[in-house]
Amino acid sequence: MMFTFRRSRAAVSLTPLIDVVFILLIFFMLVSNLQRTNRIDLHISDRNSAPTQAQDRAFLVTIKRDDALQLDGQPVSLAQLRGRIALQPQRQVVLEPAAGVSLQQTVNVLDQLRGAGASQVSFLQARTEE
């Protein structure tokens, strides 16, 4: 008697692979943030450009490196700045952070300006040492 052995091919099931792919898909859908992040619109003024009439009437807010603030050259606190801007929110505000000022401090001042109602806030280009 002669026996013939048939070797059967092992079938690989794709069901576990598909399950893993769906689990990964669900995981990435849950951890990803599909909402738009908060944006900050920035407008940069050039120091060398001729000032327009609107820039002549603009508030100049300077952020010093030691977190001190100046409004048109006068030292102010963050609360005073917000109060002064809230009195005339239609005026343009030009924000000038000094070199080395942290981004977080600049954003904090920008948030206070927006909270006071200032809608026209631009940044002044930093002075370059020649």
Side-chain angles (χ1 to χ4, degrees):
M1 243 175 109
M2 193 163 212
F3 291 104
T4 358
F5 291 105
R6 285 192 177 179
R7 196 172 247 187
S8 65
R9 265 186 124 173
V12 177
S13 175
L14 293 179
T15 304
L17 179 64
I18 293 172
D19 289 343
V20 169
V21 169
F22 279 126
I23 289 173
L24 286 174
L25 179 66
I26 290 171
F27 171 77
F28 285 116
M29 286 175 54
L30 291 176
V31 298
S32 67
N33 186 0
L34 299 178
Q35 296 176 353
R36 282 182 57 177
T37 57
N38 292 336
R39 294 183 325 170
I40 299 174
D41 294 326
L42 301 179
H43 305 284
I44 299 176
S45 301
D46 187 11
R47 229 179 239 293
N48 298 327
S49 65
T52 62
Q53 194 175 22
Q55 287 176 336
D56 290 340
R57 297 182 315 218
F59 286 122
L60 176 63
V61 177
T62 307
I63 307 172
K64 297 292 183 183
R65 203 167 172 181
D66 57 353
D67 293 339
L69 295 174
Q70 289 183 347
L71 178 63
D72 293 332
Q74 303 297 320
V76 292
S77 68
L78 200 54
Q80 292 170 334
L81 174 67
R82 185 177 176 140
R84 295 265 309 268
I85 298 297
L87 294 175
Q88 297 176 327
Q90 73 280 3
R91 282 180 64 178
Q92 182 180 5
V93 179
V94 177
L95 191 59
E96 180 184 20
V101 171
S102 70
L103 178 62
Q104 184 61 49
Q105 177 64 18
T106 305
V107 170
N108 289 342
V109 172
L110 186 60
D111 284 343
Q112 291 296 319
L113 293 173
R114 298 288 175 143
S119 59
Q120 298 180 0
V121 179
S122 16
F123 279 71
L124 193 61
Q125 186 176 3
R127 293 181 181 153
T128 56
E129 304 298 327
E130 294 181 15

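Start at 1 with the first residue, then count along the sequence.
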Could you tell me whether the side chain of Leu60 reaches within less than 4.5 Å of the side chain of Thr62, counting heavy atoms only? yes

Hey, does the side chain of Arg82 reach the backbone of Gly115 with a donor-acceptor pair shorter than 3.5 angstrom? yes

As an exercise, state the distance from CD of Gln112 to CG of Leu69, rounded to the nearest 0.5 Å. 9.5 Å

Gln70 meets the side-chain hydrogen bond (donor to acceptor under 3.5 Å, both in side chains) criterion, sequence neighbours left out, with none

Quick one: list whatever passes side-chain contact (heavy atoms from CB on, under 4.5 Å) with Phe27, sequence neighbours left out. Val31

Least distance between heavy atoms, Phe59 atom then Gln88 atom: CZ-OE1, 3.4 Å

Donor + acceptor pair across side chains of Asn108, Gln104 (<3.5 Å): yes

For Ser102, does its backbone N or O pair with a side-chain atom of Gln105 as donor and acceptor, under 3.5 Å? no

What closest approach, in Å, do Lys64 and Val101 show between heavy atoms, and which atom pair accounts for it? O-CG2, 3.5 Å

Could you report the tightest heavy-atom contact between Thr106 and Ile63, atom names first, then the distance? CA-CD1, 3.9 Å

Can you name the nearest heavy-atom pair linking Ala118 to Ile85, along with the distance? CB-CG2, 3.7 Å

Show the nearest heavy-atom pair for residues Ala116 and Pro89, with the distance to one decimal. O-CB, 4.0 Å

